[in-house]
Protein chains: 2
Amino acid sequence: MSNIRAVAKKAGVSIATVSRAFTNPEKVSKPSLKKVMDAVEAVGYRPNMMARNFRSAKAYAVVVLVPDFANLFFTKVIRAIQETAIKNGYNILLGETRDSMEREAEYIKLVETRQADGVIQLSPHTPDRDLLPHPHIHAVAACGATGTPYTSVRMDHVAASFAIVNYLVSMGHKRIGCITGLEKNPHSIDRLEGYKTALAQAGIEFDPELLFEGDFTMSSGHAGGDYFAQFDNIPSAIFCMNDEMAAGAIKALRENNLNVPQDVSIVGFDDLAFATYTDPAITTIRQPAEEMGKKAMQLLLQLMDGKELNQQEYILKHEFVLRESVQPYKG
Amino acid sequence: MSNIRAVAKKAGVSIATVSRAFTNPEKVSKPSLKKVMDAVEAVGYRPNMMARNFRSAKAYAVVVLVPDFANLFFTKVIRAIQETAIKNGYNILLGETRDSMEREAEYIKLVETRQADGVIQLSPHTPDRDLLPHPHIHAVAACGATGTPYTSVRMDHVAASFAIVNYLVSMGHKRIGCITGLEKNPHSIDRLEGYKTALAQAGIEFDPELLFEGDFTMSSGHAGGDYFAQFDNIPSAIFCMNDEMAAGAIKALRENNLNVPQDVSIVGFDDLAFATYTDPAITTIRQPAEEMGKKAMQLLLQLMDGKELNQQEYILKHEFVLRESVQPYKG
DNA sequence: CTGTTAGCGCATTCAA
DNA sequence: TTGAATGCGCTAACAG
């Protein structure tokens, strides 16, 4: 637990020289530098970052607000954020909000109390209950939906879900069920819009009976599969708003002696790693998770650096991933 | 960005009184307290935790070293650690090591440089390449295997894998394949021992051909399934050392026209959430993930508090989870 | 190129 | 019960 003074003493120089040896080595003469480094070695010195950060009034940390970190999609995003942060000398403080405003407030307090310098918000924005944007707090939203009123990097969920539902239509499906996320979730709203648009464009009438409200978990997908299996007139295809619900639905359908894709076609959303290993592998939309995480962190870095951004919305491209869970409609 | 001085001035008291109002309110008179609180409100004061922590020489943060945080098992553990930490006023810094010593060193440096006060290590201990235990660094290992030379909370993996392989034996299986983790991984070693012991006790000769080395990922489980499907004499059951590999193996077997459990029985390990939603649902061993995380954090808290622990090893109980992936052997 | 010095925001002694 | 003063470890401004 030696400090800068101990090093200075040992090296026979001033503490300023020791400090410079770390932050501006080029401003220190060769001999001094060597003396300092030897002394550092000798006394086993490690700069106290708490003191350094305190002095420079920067915590070199950002909090990442994530609704649920057992969700593999967020896991991918967080990893990318983390890597970008580390490269730039920042740490991340993970805050799992579980849709609780109290928890969210708790974590935002970390930046109010200077334990963190900024926030990345991974929950989609909801105007009535969102704490961000917050005056004086640097924040960027990632993976959100339309209508985020501050810097955000996201996908076009309307276009993406249009694309995948349209694919089902192009395979001849007309009666297409949909397992949504929670009704008020902005992602649900955007993706539902894509779904409706694809139907409308194909001249298929929208039928509210064909909507099942899930919550993005496997178990809700399972419930959705059960729901559709009870129909007299079972939909020939189901659009699940994420891969986890797709996996749950596939399981439930099979329990009802309905095979995917022979009896019912299924599509998902996200392209999580396991989507390849379900049976059948899930045809889905890949969200550019890593790119979004990386970009979000880079933007936050700029914001914290006092830079002005010339865009508020950064839209990244989705990708259609064709696998095995869809078959053409056969009469 | 007002500071304690601004509050003191506004309240007409000294900064010492303001400070006390926060840390020892009972040592401040009622009127003073009110004046302070009003002033806090008026100037929008938030204590600067960086300064406070610096002053008290505690970061109130711990780093959690995790091999892979896209692994749902670790996710459960981390969540429990996180909750326990928050309750006690600590934050966690997540460090994904991906089995790289450099990264691990990087994160351990966070405590050497006083950005964190302790470490929880979730990778199993390997004597030749492990940075912990480290002199002067408070650390506890969680979810490890036998032979951790510092405070650890874990399960008995030998007993657990014995139990599940023994279950296969009791169902009449004699030719039992095994998809392991990496050969040198301590968990692989422990679980392999359980496997061998169960076989030995049943008088079944151990056959190295029946071992396939995976790495705990779905894709390696898939490779393992492929491997066993090529046998002339296909094993009637396979013990997969985690659920993810079990899911991959099930998929590969089915691609080879082998159904689980009709043609081959499968068991897993961990009891991840998705083990219920695979088809068939996986019979497995539940690791007490939450309990281990919580306990580990509690122990670390005690260590950081200067307390001596009266045990070095805390062993938690596993649980056998019966589902659908096993059928009796039918000659 | 180097040293002296002030001060970041706070908790904590010591007197009063 | 309160206030004045000190210093945690470091960086940065300034003078030399």
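Within every chain, numbering begins at 1; the chains are lettered A, B, ... in the order of the sequence lines, protein sequences first and strands thereafter.
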- Message: If you compare every side-chain N and O of B:Ser32 against the phosphate oxygens of D:dT2 (OP1, OP2), does one of them come in below 4.0 Å?
- Response: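 For D:dT2, OP1/OP2 do have a side-chain N/O of B:Ser32 under 4.0 Å.
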I'd like a list of close polar pairs between nucleotides 10-13 of chain C and the protein, N/O only, cut-off under 3.5 Å.
unit_1	atom_1	unit_2	atom_2	d
C:dC10	OP1	B:Tyr45	OH	2.6
C:dC10	OP1	B:Asn48	N	2.9
C:dC10	OP2	B:Ile4	N	2.5
C:dA11	OP1	B:Arg52	NE	2.6
C:dA11	OP1	B:Arg52	NH2	3.3
C:dA11	OP2	B:Ser19	OG	2.6
C:dA11	N3	B:Arg55	NH1	2.5

Return the value, rounded to whole Å, for the distance between atom [atom1] of [X] and atom [atom2] of [N].
X       : N      : atom1 : atom2 : result
A:Glu26 : C:dT2  : CD    : C1'   : 15 Å
A:Met50 : D:dT11 : CE    : P     : 14 Å
A:Lys27 : D:dA13 : NZ    : P     : 10 Å
A:Lys9  : C:dG3  : NZ    : P     : 16 Å
A:Asn53 : C:dG9  : CG    : C1'   : 14 Å

- Item | Aromatic plane relationship, A:His157 with A:His187 - under 30° parallel, 30 to 60° tilted, over 60° perpendicular |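 Geometry flag for A:His157 against A:His187: tilted rings.
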- So do B:His138 and B:Val62 actually touch side chain to side chain, heavy atoms under 4.5 Å?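 A side-chain contact under 4.5 Å is absent here.
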- Item | Centroid-centroid distance, B:Phe22 to B:Tyr45, less than 6.0 Å |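 Yes.
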- Full working for salt bridge (charged side-chain N to carboxylate O under 4.0 Å, His left out) between A:Asp305 and A:Lys58: CA-CA 11 Å; A:Asp305 215 43; A:Lys58 295 202 62 178; 5.2 Å; no
- Task: Please assess A:Arg154 against A:Glu313 for the test salt bridge (charged side-chain N to carboxylate O under 4.0 Å, His left out), listing each intermediate value before the final yes or no.
- Result: CA-CA 8 Å; A:Arg154 62 177 182 87; A:Glu313 245 182 352; 2.7 Å; yes
- Item | Atom pair CG/CD1 of B:Leu132 and B:Ile137 - distance to nearest 0.5 Å |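 Taking CG in B:Leu132 and CD1 in B:Ile137, the distance rounds to 7.0 Å.
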